[in-house]
Amino acid sequence: MNNNSKNHNLSLNYIAEGDGPAVVLIHGMAASLYTWEYQIPALVDAGYRVYAIDLLGHGDSAKPNDPEQYHINEIYHHAEDWLLSLNGEKPVTLIGHSMGSYVSLKFAHRHPQHVNRMVVFNPLYSQRQLPGVIRWASRPTARLSAKVLELAPLWAID
């Protein structure tokens, strides 16, 4: 089941499958909800209601033209609004990878009453962990650096 949520006037794509306690899967940078394609059926079979989201700028979620919208704080707030919209759910289990771990950790810190438990792996907790070209592109002069990043060959980013 694919859905779109309109938070911050930008659409957020997600899937929801199964019944039972809620598990929310949050992918990492340059990924999408399809990161979880093998975990979703196993979690549904285990009796969970599984949500997997495409973070802002990823997968089938909105891709704003304004580079400032890609700052980690904007990505977090966009996801936070969506997570809070699950208010009909009991506290959820968050599973995050990389940038998804950052979103999960920050959400749990700000809204502990909404989180039952959490799994994070390869967590992003500081921009110093990112490759230099990506750190450079996230500076306040993001408009110019976003264009440079767009033109950079993939090997330079890897």
Side-chain angles (χ1 to χ4, degrees), residues 1-65 67 69-127 129-131 133-134 137-138 149-150 152-155 157-158:
M1 171 181 180
N2 280 327
N3 295 291
N4 286 313
S5 171
K6 297 281 187 184
N7 295 315
H8 284 98
N9 296 319
L10 299 169
S11 99
L12 184 139
N13 183 60
Y14 68 96
I15 60 171
E17 296 182 20
D19 293 306
V23 173
V24 178
L25 305 170
I26 307 174
H27 65 78
M29 187 180 298
S32 73
L33 61 83
Y34 294 104
T35 297
W36 309 104
E37 69 181 307
Y38 296 108
Q39 290 78 19
I40 293 169
L43 289 165
V44 169
D45 288 347
Y48 292 99
R49 171 88 169 149
V50 180
Y51 295 92
I53 66 172
D54 282 330
L55 293 171
L56 181 66
H58 295 77
D60 291 327
S61 284
K63 293 172 185 62
N65 290 327
Q69 290 290 312
Y70 292 92
H71 188 278
I72 188 66
N73 289 333
E74 290 300 319
I75 291 170
Y76 168 75
H77 288 301
H78 191 254
E80 176 187 43
D81 286 350
W82 182 83
L83 285 162
L84 290 172
S85 77
L86 297 176
N87 62 5
E89 298 284 347
K90 294 181 180 175
V92 301
T93 296
L94 296 175
I95 301 177
H97 170 247
S98 186
M99 184 172 61
S101 292
Y102 174 86
V103 170
S104 298
L105 288 164
K106 189 168 183 175
F107 185 80
H109 182 258
R110 292 184 67 170
H111 305 282
Q113 71 278 14
H114 293 291
V115 179
N116 181 32
R117 54 191 161 188
M118 182 171 40
V119 177
V120 296
F121 52 102
N122 294 335
L124 173 68
Y125 53 87
S126 167
Q127 286 195 343
Q129 292 173 264
L130 299 173
V133 70
I134 294 176
S138 66
L149 192 56
E150 236 177 62
L154 186 57
W155 62 264
I157 295 170
D158 287 343

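The shown structure was predicted, so the numbers you read here are calculated from the model rather than taken from an experiment.
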- prompt: Just one of T93, L105, V92, V24 clears the side chain to side chain contact (heavy atoms under 4.5 Å, CB included) bar with M118, so which one?
  reply: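 When side chain to side chain contact (heavy atoms under 4.5 Å, CB included) is applied between M118 and each of T93, L105, V92, V24, only L105 qualifies.
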To check you understand the geometry: which heavy-atom pair defines the closest contact between [X] and [Y], and what is its length?
X    : Y    : result
D60  : D54  : N-OD2, 2.9 Å
G47  : P21  : O-CD, 3.4 Å
H114 : F107 : CB-CE2, 3.8 Å
A16  : R49  : CB-NH2, 3.5 Å
A22  : Y51  : CB-CE1, 4.0 Å
T35  : S32  : OG1-O, 2.8 Å

Measuring from [X]:[atom1] to [Y]:[atom2], what's the distance to the nearest 0.5 Å?
X    : Y    : atom1 : atom2 : result
K106 : S101 : NZ    : OG    : 14.5 Å
E37  : L25  : CD    : CG    : 12.5 Å
L12  : D81  : CG    : CG    : 9.5 Å

query: Between S61 and G57, is there a donor-acceptor pair closer than 3.5 Å when you use the side chain of the first and the backbone of the second?
result: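 Answer holds: no.
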query: So, does Y14 use its side chain to make a donor-acceptor pair with the main chain of L33 at under 3.5 Å?
result: no
message: Below 30° counts as parallel, above 60° as perpendicular, anything between as tilted: where do the rings of H27 and H58 land?
response: tilted
Chi angles and distances behind the side chain to side chain contact (heavy atoms under 4.5 Å, CB included) call for Y76, H71: CA-CA 9 Å; Y76 168 75; H71 188 278; over 6 Å; no
- request: May I have the step-by-step check of side chain to side chain donor-acceptor pair (under 3.5 Å) for H77 and E74, ending in yes or no?
  value: CA-CA 5 Å; H77 288 301; E74 290 300 319; over 6 Å; no
message: H78 vs Q69, test: side chain to side chain donor-acceptor pair (under 3.5 Å). Steps then yes/no.
response: CA-CA 10 Å; H78 191 254; Q69 290 290 312; over 6 Å; no
Could you check if a side-chain atom of [X] sits within less than 4.5 angstrom of a side-chain atom of [Y], using non-hydrogen atoms only?
X   : Y   : value
L84 : E80 : yes
I72 : M99 : yes
W36 : I95 : yes

query: After noting the C-alpha distance and the side-chain angles of I26 and I53, does the key distance pass the side chain to side chain contact (heavy atoms under 4.5 Å, CB included) rule?
result: CA-CA 6 Å; I26 307 174; I53 66 172; 4.3 Å; yes
- prompt: Considering residues, nucleotides and ligands other than D45, do more than 12 of their heavy atoms fall under 6.0 Å from its CG?
  reply: yes
